[in-house]
**Q** 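Below are the structure tokens for one structure; questions will follow.
Proteins come first, then strands; the chains are lettered A, B, ... in the order of their sequence lines, and each starts at number 1.
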Protein chains: 2
Amino acid sequence: MARVEIPEPYLTAWRAFLNAHAATTEHVEAALAAADLPPLAWYDVLWPLYDARRLRMGELATRVVTISRSGLTRLVDRVEAAGLVRREACDHDRRGTDLVLTAAGKAMLRRMWPVYARVIEERFVAVIGRREAEELADTLGRVGARAPAAEPTASSVRRPALQ
Amino acid sequence: MARVEIPEPYLTAWRAFLNAHAATTEHVEAALAAADLPPLAWYDVLWPLYDARRLRMGELATRVVTISRSGLTRLVDRVEAAGLVRREACDHDRRGTDLVLTAAGKAMLRRMWPVYARVIEERFVAVIGRREAEELADTLGRVGARAPAAEPTASSVRRPALQ
DNA sequence: CAGAAATAGTTGCGGGCGCACATTTTGTCT
DNA sequence: AGACAAAATGTGCGCCCGCAACTATTTCTG
């Protein structure tokens, strides 16, 4: 029956990890919904497009780790239907689709970020010291590292200042 | 437009946090599926029942933070249909439903934990120092703390030794 | 250069989830 | 006691997701 042993401190940390994610995520979604804004998943599509100006579906998929390829297709369907992004033909590869942010998409990004950021500040920044944040980044960076060497990282949350 | 500012180290930590969760979660689900076992959500139902012997739907909902009340109803429907738990009438309150683990449920728990634990070891324990684990638990514990004072914590991952 | 193999993206299908509402039972106030 | 609010689940409905299969291209191979 292979008695699996995981030392107490690790187990506690693991539980805290899962809890923290559930709690914060929930609050972000609630805040967005309360402000009549789309779910966080839309942000994950819009931001990389703002950051890169133009991306192919596959490249976007690389940055949105939380959803499957087909799921992304339909997520983009919806975001496009809302007029926030536009699909364009890809030059060098007629199989591919390029995505670009529309003006409305950029505007939506500007409306979503403050709401998103507010929750990050209240639930995350507010209870973590600067030094701790650095350690967190380091530790969790290792946990999230794509095992072997390939598997790209993911999830971008704004790098250059959004306007 | 309220230029929201979040210091770099926090943003980096936040990204690492989301990435780490996506990555580990994905691996756990993959490992369970590969072993022909139910998804992690089932574990979240089975374990608290093993831990508490008997729980009402509402009490269970308190511990399974990642799903809504109605979602839990149907999750339990499935787990019950699989013969892993049993719904029983609650004595003092005829509105309520008690849940108890069946022998098959306990057995399933014993099959799932090693697979689950294996991933925790490989992806989490293996890349974190003991000291770091304690700091993680502390820091993320604060992040996951239910804001005001009520809102119970959640997610249990085995406390007494499973057999 | 023909044809197999690989790649990019989409779609059919079945399943799971959350919201809002319905149902049954308790608790309270008068 | 009688009525009304509150609490504990379950249910109808529509949305979203992932898997596997499909189409259209491109790339590799002999």
**Q** Whole angstroms only, please: what is the CG-C1' distance between L75(B) and dT9(D)?
**A** 15 Å
**Q** Taking the minimum atom-to-atom distance to the side chain of T73(A), which one of dT10(C), dG12(C), dT11(D) wins?
**A** dT10(C)
**Q** Can you tell me which nucleotide in dT26(C), dT26(D), dC13(C) comes closest to the side chain of R95(A)?
**A** dT26(D)
**Q** Can a donor-acceptor pair under 3.5 Å be found between the side-chain atoms of S70(B) and the base atoms of dC19(C)?
**A** yes
**Q** How close or far is atom P of dT10(C) from atom CG of L60(A), stated in whole angstroms?
**A** 11 Å
**Q** Nearest heavy atom decides the nucleotide; on that basis, is H92(A) or P39(A) closer to the 5' end of DNA chain D?
**A** P39(A)
**Q** Is the ring centre of Y43(A) less than 6.0 Å from the ring centre of Y116(A)?
**A** yes
**Q** For R56(A) and dG9(C), is the shortest distance between a side-chain N/O and OP1 or OP2 below 4.0 Å?
**A** yes
**Q** How many whole angstroms separate atom CG of L55(B) from atom P of dA8(D)?
**A** 14 Å
**Q** Could you check how far CD of E26(B) sits from C1' of dC17(D), rounded to whole Å?
**A** 14 Å
**Q** Let me spell it out: for each of A41(B) and E59(A), pick the nucleotide of DNA chain C with the closest heavy atom. Which residue's pick is nearer the 5' end?
**A** E59(A)
**Q** For the side chain of R74(B), counting heavy atoms from C-beta on, which of dG18(C), dT10(C), dG10(D) is nearest?
**A** dG18(C)
**Q** Can a salt bridge be assigned to the pair R118(A) and E122(A) using a cut-off of 4.0 Å between side-chain N and carboxylate O?
**A** yes
**Q** Rounded to the nearest angstrom, tell me the gap between atom CD in E80(A) and atom P in dG9(C).
**A** 14 Å
**Q** Are any of the side-chain nitrogens in R63(B) or E59(B) under 4.0 Å away from the carboxylate oxygens of its partner?
**A** no
**Q** Would you please test T139(B) and E135(B) for side-chain hydrogen bond (donor to acceptor under 3.5 Å, both in side chains) and show each step?
**A** CA-CA 6 Å; T139(B) 304; E135(B) 292 170 355; over 6 Å; no
**Q** What is the distance, to the nearest angstrom, from the CE atom on M57(B) to the C1' atom on dA7(D)?
**A** 15 Å
**Q** Can you find a side chain N or O atom of R78(A) that sits less than 4.0 Å from OP1 or OP2 on dC17(D)?
**A** yes
**Q** Starting at CG of L40(A) and ending at C1' of dC16(D), how long is that distance when rounded to a whole Å?
**A** 15 Å
**Q** Answer with base, sugar-phosphate or nothing: what part of the nucleic acid does I67(A) contact at a heavy-atom distance below 4.0 Å?
**A** sugar-phosphate
**Q** Out of dT25(C), dC17(D), dT9(D), which has the shortest distance to the side chain of D93(B)?
**A** dT25(C)
**Q** Using atom CZ of R69(B) as one end and atom C1' of dT11(D) as the other, report the distance to the nearest whole Å.
**A** 16 Å
**Q** Do E29(B) and T25(B) pair up side chain to side chain, a donor and an acceptor below 3.5 Å, judged on atom types alone?
**A** no
**Q** If only side-chain N and O atoms of R87(B) are considered, is one of them under 4.0 Å from the OP1 or OP2 phosphate oxygen of dG10(D)?
**A** yes
**Q** In terms of the nearest nucleotide of DNA chain D, which residue is placed more toward the 5' end: D77(B) or R94(A)?
**A** D77(B)
